[in-house]
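So the structure is just underneath, and the comments pick up after that.
The model shown is predicted, which means the values in this text are computed figures rather than measured ones.
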Amino acid sequence: MPELPEVEVVRRGLADHVVGRRITAVRVLDVRSLRRHVAGPEDFALRLTGRTVADARRRGKYLWLPLDGVDHGDDALLAHLGMSGQMLISEPDAPLQKHLKVTLDLEDGAQLRFVDQRIFGGLAISDGGADLPAEVAHIARDPLDPAFDPDEFAARLKRRETGVKRALLDQGLISGVGNIYADEALWRVPLHYARNTRTLRRTEVDTLLHHVTEVMSEALAQGGTSFDALYVNVNGASGYFDRSLNAYGREGEPCGRCGTAMRRSPFMNRSSYWCPRCQPRPRNGRF
DNA sequence: CAGGCTACCTGCCCGC
DNA sequence: TGCGGGCAGGTAGCCT
């Protein structure tokens with residue numbers, strides 16, 4: 001579900017409501033959400049209790065909260081929202097959400113809740129991960145990161161022998177882009193999702209990068225994309241970028257540029273949405 | 001390295 | 001009303 005803009009909305013919410021607060025109690029309601037914390041739920045709770053959240057950081061779709069505290073190293077609470085994960089700030093006595101997995105009581109009386117319907121997301125404590133968790137080391141910088149290097153991206157992309165959308169979804173090459181924003185950026189360029197990366201000229205790479213960055217920035221400014229209540233910010237509010245989508249989910253609807261009916265094609269066990277006129281399928285790997 | 005497939009889960013929607 | 005299949009914003013691992 002959440003891609004970079006949605007995760008960044010959550011990160012900002014955590015920065016506002018959680019950073020600087022001490023964790024006074026931890027409850028794990030479903031151990032499956034701690035699959036990546038191999039030491040188990042008791043260890044998880046023990047090591048979080050009493051710690052103060054020092055910061056809220058993000059790279060791509062990964063979030064982490066560096067922790068302060070005596071007797072501990074510079075470790076962090078690592079989170080990935082997967083397809084359906086939510087971080088919600090609640091009153092402790094608020095009704096329990098159906099898919100509530102973990103609660104963290106904060107010293108100011110609020111409660112941070114991790115809710116996750118499909119359990120593809122999860123929480124873990126990353127040893128020494130305050131700066132950059134080892135679990136995130138394989139993730140490339142995202143285009144909203146000031147240190148993102150377009151030259152390096154272009155060089156690595158050119159060395160690939162693959163389709164351009166597959167490359168965009170490769171979090172080791174560029175992070176934060178998921179199925180929605182990949183289709184939106186490709187529509188804006190415009191470029192067919194199967195276009196071979198080796199045939200892209202540098203100007204096309206730069207245009208693509210421009211649109212990837214722009215569409216995610218615009219979505220962030222509108223609070224992200226929410227099709228339903230599964231994606232919400234820490235206060236439970238939806239984003240409204242879904243109204244601005246030009247490609248994703250628009251099969252059969254007219255292209256916003258040329259009016260041709262948009263198409264949906266199976267791609268990597270999901271779907272790609274594209275305009276057959278603006279984004280013609282490449283021939284000879286080029287056009 | 002590329003990429004196809006599977007697994008990890010729940011829920012919704014559709015056709016029968 | 002129920003059942004099966006397909007679909008959904010993601011990632012990791014195994015195999016060829």
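The residue among Phe227(A) and Glu135(A) whose nearest nucleotide of DNA chain C is located toward the 5' end is Phe227(A). Across the interface with DNA chain C, nearest-nucleotide mapping of Gln117(A) and Tyr62(A) shows Gln117(A) to be the residue nearer the 5′ end.
In this model, no side-chain donor or acceptor of Arg166(A) finds a partner on the base of dA2(B) within 3.5 Å.
Exactly one of Asn233(A), Leu88(A), Leu63(A), Val232(A) qualifies for a side-chain contact (heavy atoms from CB on, under 4.5 Å) with Val10(A). That residue is Leu63(A).
Comparing the C1' positions of dG2(C) and dC9(B) gives a spacing of 22 Å, expressed to the nearest Å. Taking atom C1' in both dA8(C) and dG3(B), one finds a spacing of 22 Å when rounded to whole Å.
Distances were taken from every side-chain heavy atom of Phe120(A) (C-beta onward) to each of dA12(C), dC7(C), dC8(B); the shortest belongs to dC8(B). If you check dG3(B), dG11(B), dC8(B) against the side chain of Arg35(A), the one that comes closest is dC8(B). Out of dT10(B), dA8(C), dA12(C), the shortest distance to the side chain of Tyr248(A) is found at dA8(C). Here the side chain of Thr162(A) is nearest to one of dG10(C), dA8(C), dA2(B), namely dA2(B). Closest to the side chain of Arg160(A), from the set dT11(C), dT10(B), dA2(B), is dA2(B). For Asn179(A), the side-chain atoms get nearest to dG10(C) when compared with the rest of dG10(C), dT10(B), dC7(C).
A salt bridge links Arg12(A) with Glu8(A): the closest approach of a Lys/Arg side-chain nitrogen to an acidic carboxylate oxygen falls below 4.0 angstrom. The existence of a salt bridge linking Asp183(A) and Lys165(A) is confirmed by a sub-4.0 Å separation between a basic side-chain nitrogen and an acidic carboxylate oxygen.
Lys101(A) comes within 4.0 angstrom of nothing in the nucleic acid, heavy atoms only. Nucleic acid contact class of Ser271(A) (heavy atoms, under 4.0 Å, all strands): sugar-phosphate only. As judged by a 4.0 angstrom heavy-atom cut-off over every strand, Asp116(A) is placed among residues making no nucleic acid contact.
Both distances falling under 3.5 Å, in either a Watson-Crick or a G-U wobble arrangement, place dC5(B) opposite dG13(C).
Rounded to whole Å, the distance from CG on Leu230(A) to P on dT10(B) is 14 Å.
Side-chain polar atoms of Tyr181(A) and Glu6(A) form a donor-acceptor pair below 3.5 angstrom.
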